[in-house]
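First comes the structure, then the notes that go with it.
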Amino acid sequence: MAAPLHSGQLLARLERPTAAEPTRIGVLSDVHLATDATGTWKVFHRTERHLGAAVEAVNDRDLDGVVVAGDLTRNGVPAEFDLFDDLADFEPPAVAVPGNHDFPTTFDERESLPIPAFEDRYTPGGLPFRVRFGDLAVFGLDSHAATPGSPAETWNGRVSAEQLMWLDEALTETDADRSIVVVHHNLPATGDLYERYRAELPVAGEVPGFSNPEPLVELLVGHDVALVVTGHLHFPAIERSDGVTELTVPAVSSFPHALLVLEVDDQGTVVRLVPLTDGDGMVESIAHGYEKDRVLLSAAQLATVPLVDDFA
């Protein structure tokens, strides 16, 4: 007899987005798929297995669509994307936005997948994009600073003026209560959340943030967007600031090895965290990134679940 399907840990209950027809989407991020790496807190040598578990988790559920919130690969090289395509056999339609590791930079001499090739593979017609999953409109933004023929000089995020103009017009034509905007880099409120923990994290360096968040935040507030989905930080969080609700997606590659399922109906949205590894996998992950994951584990144990409960 097959094991019962894991229903997922209740993470949040949100008043918005809503959907006249029940809609369910899967959201995952930070796969960091590697072809020739081992170890580190991202557990590179298990990324194929963890992506396979994500595909199985998605295909075992009746979902209307799948969104990957960036960092599909470790270094953005063509072989990693080819492997991703071989393994990411999602049955529902799937789209992706790029993360800071997916596009070319001036400080990385590796061959990178051209930006137009990423768009052809993972978007419905290029970046930025709008796609409809069930009764939801999902908007995908490119927060990488690279452009075709011009590698980025930083991993910091940015959203171009052209994208902001496009999003402004697209949101004008869309019901705000049924809108989700997906971008890899985190908005300032979630960046501040990380800073509160960073002093305890014995990991060198800072997490790249947005270099120009204000115009994007103003636009999101002005259109009263129901939900913004980000990746990048590798752990789940919900932050509300200036009228924007931001849901940050846990990593597939590293602790806690999970994806999110959003169940949306006319009452609101239920967010569930679906684990992608068992106890042994968690032990291995924490062993490779012990000091980092110890702090995140402690934070998770102290967190009140659900993180947000608008239904109470």
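Note that these values count all heavy atoms, side chains included, but never hydrogens, waters or copies made by symmetry.
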>> Checking Glu239 against Asn186 for the side-chain contact (heavy atoms from CB on, under 4.5 Å) test, could you report, in this order, the C-alpha distance in whole Å, the side-chain angles of both residues, the deciding distance, and whether it holds?
In response: CA-CA 10 Å; Glu239 285 294 303; Asn186 310 104; over 6 Å; no
> Going only through I, L, V, M, F, W and Y residues with side-chain contacts under 4.5 Å, is there a path from Leu262 to Val270?
Replying inline: no
> Given the rule in the side-chain contact (heavy atoms from CB on, under 4.5 Å) test, do Arg130 and Val138 qualify, once you have shown the distances and angles that lead to the verdict?
Replying inline: CA-CA 6 Å; Arg130 173 174 51 190; Val138 177; over 6 Å; no
> Hey, are the side chains of Leu63 and Ile25 touching, using non-hydrogen atoms and a 4.5 Å cut-off?
Replying inline: no
> With side chains defined as the heavy atoms from C-beta onward, is the minimum distance between Pro17 and Thr269 less than 4.5 Å?
Replying inline: yes
>> Going by side chain to side chain contact (heavy atoms under 4.5 Å, CB included), name the residues that satisfy it together with Thr18, two or more places apart in sequence or in a different chain.
In response: Asp177, Arg178
> How far apart are the C-alpha atoms of Val249 and Val67, what are their side-chain angles, what is the distance that settles it, and do they pass the side-chain contact (heavy atoms from CB on, under 4.5 Å) test?
Replying inline: CA-CA 11 Å; Val249 185; Val67 181; over 6 Å; no
> Which heavy atom in Asp102 sits nearest to a heavy atom in Asp71, and how many Å separate them?
Replying inline: OD2-N, 2.8 Å
>> Is it the case that the side chains of His234 and His257 hold a donor-acceptor pair, with the cut-off being a distance below 3.5 Å and no angle test?
In response: no
> What about Leu260 and Phe311, same hydrophobic cluster or not, with Ile/Leu/Val/Met/Phe/Trp/Tyr joined at side-chain heavy-atom distances under 4.5 Å?
Replying inline: no
>> Is it the case that the side chains of His185 and Ser143 hold a donor-acceptor pair, with the cut-off being a distance below 3.5 Å and no angle test?
In response: yes
> So, the side chain of Asn156 versus the backbone of Phe210: is there a donor-acceptor pair under 3.5 Å, distance only?
Replying inline: no
> Which heavy-atom pair separates Val55 from Ala88 by the least distance, and what is that distance?
Replying inline: CG2-CA, 3.8 Å
>> Run Leu276 and Leu259 through side-chain contact (heavy atoms from CB on, under 4.5 Å) and show every step you take.
In response: CA-CA 7 Å; Leu276 301 177; Leu259 59 78; 4.0 Å; yes
> Could you state the interatomic distance from CD (Glu15) to CD (Gln267), rounded to the nearest 0.5 Å?
Replying inline: 10.5 Å
>> Please tell me whether Leu167 and Leu187 are part of a single hydrophobic cluster in this structure, the criterion being side-chain heavy atoms less than 4.5 Å apart.
In response: yes
> Do you know which of Arg272, Arg61, Arg13 makes salt bridge (charged side-chain N to carboxylate O under 4.0 Å, His left out) with Glu263?
Replying inline: Arg272
>> I'd like to check Leu28 versus Pro250 (side-chain heavy atoms, cut-off strictly below 4.5 Å). Are they in contact?
In response: no
>> Please check: side-chain N/O of Asp265 versus main-chain N/O of Ala19, any donor-acceptor pairing under 3.5 Å?
In response: no
> Of the non-hydrogen atoms in Pro78 and Ser112, which two are nearest, and what is the gap between them?
Replying inline: CD-C, 4.1 Å
> Do we see a donor-acceptor contact under 3.5 Å between the side chains of Thr230 and Thr248?
Replying inline: yes
> Does the side chain of Pro208 come within less than 4.5 Å of Thr154's, by heavy atoms?
Replying inline: no
> Does Asp86 CG have over 12 foreign heavy atoms under 6.0 Å away?
Replying inline: yes
> Got Leu14 and Leu227 here, is their nearest side-chain heavy-atom distance under 4.5 Å?
Replying inline: yes
> Hey, are the side chains of Val31 and His50 touching, using non-hydrogen atoms and a 4.5 Å cut-off?
Replying inline: no
>> Under the rule for side chain to side chain donor-acceptor pair (under 3.5 Å), what residues qualify as partners of Ser29, not counting sequence neighbours?
In response: none
>> Check whether Asp64 reaches the backbone of Arg24 with its side chain - one donor and one acceptor, N or O, closer than 3.5 Å.
In response: yes
> Distance-only, no hydrogens or angles: does the His101 side chain make a donor-acceptor pair with backbone N or O of Arg74 under 3.5 Å?
Replying inline: yes
> Between Ile238 and Leu247, which heavy-atom pair has the shortest distance, and what is it?
Replying inline: CG1-CD1, 3.6 Å
>> Donor-acceptor pair, distance only, cut-off 3.5 Å: does the side chain of Thr174 make one with the backbone of Ala176?
In response: no
>> Under 3.5 Å, is there a donor on one side chain and an acceptor on the other for Thr23 and Asp135?
In response: no
> Looking only at side chains, do Asp30 and His232 share a donor and an acceptor under 3.5 Å apart?
Replying inline: no
> Looking at residues at least two apart in the chain, or sitting in another chain, which of them share a side chain to side chain contact (heavy atoms under 4.5 Å, CB included) with Gln9?
Replying inline: Leu273, Val305
> So among Val274, Val66, Asp89, which one has a side-chain contact (heavy atoms from CB on, under 4.5 Å) with Val58?
Replying inline: Val66
> Any side-chain heavy-atom pair from Leu164 and Val159 closer than 4.5 angstrom?
Replying inline: yes
>> According to ring pair (Phe, Tyr, Trp, His ring centres under 6.0 Å), does anything in residues 131-152 pair up with another residue at least two apart or in another chain? List the pairs.
In response: Phe103-His144
> Which pairs, with at least one residue in residues 136-162 and sequence neighbours excluded, count as a salt bridge (Lys or Arg N to Asp or Glu O under 4.0 Å)?
Replying inline: none
> Hey, does the side chain of Glu80 reach the backbone of Gly76 with a donor-acceptor pair shorter than 3.5 angstrom?
Replying inline: yes
> Pro124 and Phe129: which non-hydrogen atoms are nearest, and at how many Å?
Replying inline: CD-CG, 3.5 Å
>> Within a 6.0 Å radius of atom CD on Glu173, are there more than 12 heavy atoms belonging to other residues, nucleotides or ligands?
In response: yes
>> Applying side chain to side chain donor-acceptor pair (under 3.5 Å), can you list everything that pairs with Asn212, at least two apart in sequence or on another chain?
In response: none
> Which distance, rounded to the nearest 0.5 Å, do you find between the OG1 of Thr73 and the CZ of Phe84?
Replying inline: 9.0 Å
> Within a strict 4.5 Å, meaning less than it, do heavy atoms of the Val221 and Val244 side chains meet?
Replying inline: yes
> Counting only N and O atoms by type, is there a donor-acceptor contact under 3.5 Å from the side chain of Ser179 to the main-chain atoms of Asp175?
Replying inline: yes
>> Checking the side chain of Glu119 only, and the main-chain atoms of Leu127 only, is there a donor and an acceptor separated by less than 3.5 Å?
In response: yes
>> When you group the ILVMFWY residues by side-chain heavy-atom contacts below 4.5 Å and let the links chain together, are Trp155 and Val77 in the same group?
In response: no
> Is Leu10 reachable from Val271 through a run of I, L, V, M, F, W or Y residues, each pair having side-chain heavy atoms under 4.5 Å apart?
Replying inline: no
>> Taking Arg16 first and then Asp224, would you say they form a salt bridge - that is, a charged N and a carboxylate O separated by under 4.0 Å?
In response: yes
> Looking only at heavy atoms, which two atoms of Val97 and Phe118 are closest? And how far apart?
Replying inline: C-CZ, 3.7 Å
